[in-house]
Amino acid sequence: MNKILCIVGPTASGKSAFAIEVAKQLNSEIISADSMQIYKHMNIGTAKICQADTHIKHHLLDIVEPFAEFSVANYQTLALPIIEQLIKDNKTPIVCGGTGLYINSILYPLNFSETSKNNDLRDSLKAKLNEFGAEYMHDWLCRLDTVSAEKIHTNDTKRVLRALEINLNFGLKVNTEIKQPQYEYLMIGFNPNDRKTLYDRIDNRVDTMFLNGLTTEVENLIKNGVTFDCQSMQAIGYKEFKQYFSGDINITELKELIKQHSRNYAKRQLTWFKKYNDIVWFDKPCDEAITLVNNTFLRK
RNA sequence: GCCUUGGUAGCUCAGGUGGUAGAGCAGGGGACUGAAAAUCCCCGUGUCGGUGGUUCAAGUCCGCCCCAAGGCA
């Protein structure tokens, strides 16, 4: 018996609507696995559903302000108790989202507690990187943690720095051993057979975002003190406004850029999800997918 | 009509003094354990506008033609 239902896929593949449909049938609740929909006041650009309209409880949406720092570790801390509670209530937890790492933090026993982040150390490592370069940092890591160094490319400075941080702070190595899932699950993935279909959907969705007032939403964020340095403003559909507001690109170029970045992102998401070899893929949300869910979870 | 500058990978363009082409972006594939909508890795044969010619050898020099932009009439 599967305990958890996971619904994944690239952006604009129809996950959210499907999750709501399924939640109604299973009389359950949805746990969002989306690294950007956690932010309040960022609704249009993150394609956040309006919870009130659905009559379905969504967890982990709108949980922090756009100024806040957030990470997988925070996500995991919040998500696991919700999962446990739902299971206790005899409801099927429905995890739905496009952030692969967040989904892993639920499905697998990834332990972040022993390697908490250290901002001071991180800053000093960044300073060293700027002074001595990527190769120097990688060589350094190689001396402390050869295994990680071999896995991390020299140019992937973000990971090199994190590995150094873990090592210098705790004397530990980055833990990348393959673990067994801590929950049984059924994972459903949506991916249009034709890549062009997906890209057209993404393009249309971006156009819709602008019609729905994306520009105003971003202006309001800025007005309220959110800057482009904030982690939240890394989000596609937001970060591009920096160039627009500074006059480097016009509105047409802005839209094109957001579409472009969204398409690139969708491809990266697919790469991530493809590695789950137990995923059940569907071209799009459909009756067969619903039937599969019902047969799996509705047997009593 | 004349002059000028261009016409090179899907797009934007590099390619001193001639030796059959290379970057960025796009596209495809991949990685991913506290920024993950982030970060990073791998993949480039294309009638070098066409056609004659000079040359052992032309994207690169010369002639003519076609197309585009600008200038002069």
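Throughout, protein chains are lettered first and strands after them, A, B, ... in sequence-line order, and every chain is numbered starting at 1.
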Give me the distances for all protein-to-nucleotides 41-44 of chain B N/O pairs that come in under 3.5 Å?
{"residue": "C41(B)", "atom": "OP1", "partner": "Asn155(A)", "partner atom": "ND2", "Å": "2.7"}

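Contact annotation: side chain of Lys267(A) to base of G29(B), donor-acceptor pair present below 3.5 Å. For A31(B), its base never sits under 3.5 Å from the side chain of Arg268(A) at any donor and acceptor pair.
Grouping Ile, Leu, Val, Met, Phe, Trp and Tyr residues whose side-chain heavy atoms lie under 4.5 Å apart, directly or via other members, places Leu121(A) in a hydrophobic cluster with Leu125(A), Leu129(A), Phe132(A), Tyr136(A), Met137(A), Trp140(A), Leu141(A), Leu144(A), Ile152(A), Val160(A), Leu161(A), Leu164(A), Leu168(A).
Within residues 119-149 of chain A, the residues having any heavy atom closer than 4.0 Å to RNA chain B are, in order of number, Arg122(A), Lys126(A). Of all the residues in residues 209-241 of chain A, Gln231(A), Gln234(A), Ala235(A), Ile236(A), Lys239(A) reach under 4.0 Å from RNA chain B with at least one non-hydrogen atom. Within residues 70-79 of chain A, the residues that place at least one heavy atom under 4.0 Å from RNA chain B are, in residue-number order, Phe70(A), Ser71(A), Val72(A), Ala73(A), Asn74(A).
In terms of the side-chain hydrogen bond (donor to acceptor under 3.5 Å, both in side chains) criterion, residue partners of Glu84(A) (sequence neighbours excluded) are, by chain and number, Tyr183(A). Here Thr11(A) pairs with Ile202(A), Arg205(A), Tyr265(A), Ala266(A), Gln269(A) under the side chain to side chain contact (heavy atoms under 4.5 Å, CB included) rule; sequence neighbours left out. Not counting sequence neighbours, the partners of Asp62(A) by the salt bridge (charged side-chain N to carboxylate O under 4.0 Å, His left out) test are Lys48(A). Applying the salt bridge (charged side-chain N to carboxylate O under 4.0 Å, His left out) rule to Glu65(A) yields the partners Lys40(A); only residues at least two apart in sequence or on another chain are considered.
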Could you pull out all donor-acceptor pairs under 3.5 Å where a side-chain atom in residues 15-22 of chain A meets a protein atom, sequence neighbours excluded?
{"residue": "Lys15(A)", "atom": "NZ", "partner": "Gly9(A)", "partner atom": "O", "Å": "3.2"}
{"residue": "Lys15(A)", "atom": "NZ", "partner": "Pro10(A)", "partner atom": "O", "Å": "3.2"}
{"residue": "Glu21(A)", "atom": "OE2", "partner": "Gln25(A)", "partner atom": "NE2", "Å": "3.2"}

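The CD atom of Gln243(A) sits 14 Å away from the P atom of C25(B) (whole-angstrom rounding). Distance CD1 (Ile103(A)) to C1' (U33(B)): 15 Å, rounded to an integer number of Å.
Each ring pair (Phe, Tyr, Trp, His ring centres under 6.0 Å) pair with one or both residues in residues 61-80 of chain A, not counting sequence neighbours, appears once here: Tyr75(A)-Tyr102(A). Screening residues 24-60 of chain A for ring pair (Phe, Tyr, Trp, His ring centres under 6.0 Å), with sequence neighbours left out, gives no hits.
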